[in-house]
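What follows is a set of notes on a single structure, which appears directly below.
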Amino acid sequence: MTYLIEADSVSKRFGNVVALKDVSAQVQAGEVTCILGDNGAGKSTLIKILCGLYQPDGGTYSVDGKPVQFSSPRDALEAGIATVYQDLAMVPLMAVWRNFFLGSELEKGVPPFRRIDVAKAKRTVVDELGKMGIFIRDPEQEVGTLSGGERQSVAIARAVYFGARVLILDEPTAALGVKQAGVVLRYVLEAKKRGLGVILITHNPHHAYPVGDHFVILRRGEVYGDYRKEDLPLEQLVQMMAGGADLELLHHELEEAAQTTGDEDLAQAASDFANEAADATGHGHDDAT
Amino acid sequence: MTADVSTIADDRMVEAGFLKKVLTRPEFGSIIGAVAVFAFFSIVTENFFSVNAISAYLNPAATLGIMSVAVALLMIGGEFDLSAGALIGGLGITMAILTTSADLPVWLAMLLSLVLAISVGLFNGIMVIKTKLPSFIVTLGTFFILQGAGLGFVRLITGQTTIYLSEELATSNVAKLIFASTPIGGIRIPVVFWIAITALATFLLLRSRYGNWIFSVGGNAASARAVGVPVNRVKIALFINVSVSAWLVAMFNTFRFESAQIGTGVGSEFEFIIAAVIGGCLLTGGYGSAIGASIGALIFEMVRQGLAFARWEADWFKLFLGVMLLLAALLNQWVRSRARRAMS
Ligand SMILES: Nc1ncnc2c1ncn2[C@@H]1O[C@H](COP(=O)(O)OP(=O)(O)OP(=O)(O)O)[C@@H](O)[C@H]1O
Ligand SMILES: [Mg+2]
């Protein structure tokens, strides 16, 4: 069995800080791997290794079963791995359309007259954002003048557009409204259906559970648990993550998202979630009192 | 479904007005400034637009402009180069000494001088990237090294501070004919290069992917790196571009004056930066314009020549310069924040 991408016992240190120690995680085509953990658990560090921004100090990283050494995110992009970074990786003074295609510019013409295809780039950006329900006034608008949620949507739309095989999302719903958060979860399900591997990072089990197939829980840089969904009731996941009481709210969020987007998968996920959430809440109350 | 979405998108998109587009261009302030300066001197002096007068400010504006465009690109990329001025003198004198003391053929001397230029740019770039020190400090160091080494070696080898080209080189050589030609009226060849370089740099910035990369490494290097922009290579290339431009200007100067003098260009590094700022470059990087930098250089020389034409003391030039710089910096800031508010 070869995985689309696989990190095998990778470690990463920053000076004295051991950010990751012997962490293994993998994603298969058509599956969603969720990486969960508290703040500082090492989630972002792990995905920065997967996307080529950091090189691991130990362990191996394989793509299609073959060990690789990415020296920059460029290499990862060329292997079809696109990432939404937690800090979004945008340049505030640059136009939306320039940010969208930054590093992967859409060109036309032959050298030395090779140039950016501005009209097509702008059209693509407007279309891709439109699919997310975001309508920007002008693709020339500087990213720095967008709202936080709009910026996040641009980053996600960009990764979805360029992610040919693997999509890595680092806390993609953090700044989003209910509708856009629903859209992101729908994107995750769509990508999965198209046979992409998705890695979804979050510290919120209620975001992860409805869409995930496989859960890796990090704690202080080490793997604390690694489960397939079948082996892990939501209740247990919530317990492991400790805390997270606003289940009802999240259920509503999902349901509303399913209604506004009219997505059946999401509606199904929401109702599954509702049942399991009810159990978990019951349990949570027992614990608390 | 897709068509549906794009029509919605089009409905919601308001075409930004032409005026706003012009107003939000970084070179906007410099265009106003250039018109104002030209109008002012046309009134206070006679025939400021005569062919003589025009070539009197276009010729020096050309060499200043070639440097300012290169420095503007570097500043958009988020870095400074304080060694660029001293380098011009160093490269000219290197070429001159190689043809006289070392008796090398002129093309070889020019080539070696170019190699030196590229090495200095490479050194600046690699130092800035490896040490992570501000380029302001690194290139200030290079400035002193160049100035000191230049003086030291030239004195040691020749015992002089001015090197004259040989008779043949100063009169009939092909290089002389090219680098010191005067193709149109009193307009010298650097003007042609200046215009071509400005056009090329503008195309590069606004329509090529390298332009995108330059804006991004100055605007947010970490983000640029995260999406696959080769940040280090872009920055090093920008430093080399400045030194190669310094080489070009050094060749123009040396062949035109038939000599090279140690100390040429020292002090002008700030003029390059000021012209770039007048042209709309932000000191913090990520924003600016090549055309703007060229217009900045033009303003510079129009004022310098205008004062001479008006028979005013040259002392006023520095005063004018300081005021221009502050006004430009304020205008940049004002236009930018206003444009932002209008858009959001
Ligand atoms: N570049 C760095 N230099 C030094 N330490 C770092 C660096 N990047 C991360 N760390 C440290 O490594 C640990 C893991 O950080 P990481 O960003 O991976 O956490 P995270 O799980 O993504 O947290 P969050 O949920 O807050 O995003 C933290 O203790 C952090 O301080
Ligand atoms: Mg993180």
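For the set A/K48, A/E78, A/R123, A/E107, the count of heavy-atom pairs under 4.5 angstrom toward chain B peaks at A/E107. When each of A/S147, A/G52, A/A89, A/C51 is checked for heavy-atom pairs under 4.5 Å with chain B, A/A89 comes out on top.
Residue B/F136 places its CZ atom among 12 or fewer non-hydrogen atoms of other residues, nucleotides or ligands, all under 6.0 Å distant. Around atom NZ of A/K120, no more than 12 heavy atoms belonging to other residues, nucleotides or ligands sit under 6.0 Å away. By the 6.0 Å contact criterion, CZ on A/R114 is enclosed, its count of non-hydrogen atoms from other residues, nucleotides or ligands being greater than 12.
Contact annotation for B/Y210: neither backbone nor side-chain heavy atoms come within less than 4.5 Å of a heavy atom of chain A. Using a 4.5 Å cut-off between heavy atoms, B/A226 contacts chain A through both its backbone and its side chain. Residue contact with chain B, scored on non-hydrogen atoms closer than 4.5 Å, involves the side chain of A/R158 exclusively.
Under the 4.5 Å side-chain criterion, counting only non-hydrogen atoms from C-beta, B/N212 is in contact with A/M94. Side chains of B/W213 and A/L102 form a contact here, defined as non-hydrogen atoms less than 4.5 Å apart. Between B/L206 and A/V118 the shortest side-chain heavy-atom distance does not fall below 4.5 Å. In this structure, the side chains of A/F113 and B/R207 stay at 4.5 Å or more apart for every pair of heavy atoms.
Nearest heavy atom pair, residue A/E142 against residue B/Y287, reads OE2-CE1, 4.3 Å. Looking at every heavy atom in both residues, B/S208 comes nearest to A/I116 through O-CD1, 3.5 Å. Closest non-hydrogen pair, B/S216 versus A/V91, comes out as CB-CG2, 3.9 Å. When all heavy atoms of B/R225 and A/P73 are compared, the pair lying nearest together is O-CG, 3.2 Å.
The distance from the CZ atom of A/R115 to the CZ atom of B/R209 is 15.0 Å, given to the nearest 0.5 Å. A distance of 8.0 Å separates OG in B/S223 from CG in A/N99, rounded to the nearest 0.5 Å.
Screening residues 277-289 of chain B for salt bridge (charged side-chain N to carboxylate O under 4.0 Å, His left out) gives no qualifying pairs among residues at least two apart or on separate chains.
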- Task: Please report the C-alpha distance between B/L282 and A/L93 in whole Å, then the side-chain angles of each, then the deciding distance to 0.1 Å, and finally whether the side chain to side chain contact (heavy atoms under 4.5 Å, CB included) criterion is met.
- Result: CA-CA 11 Å; B/L282 290 183; A/L93 282 172; 4.1 Å; yes

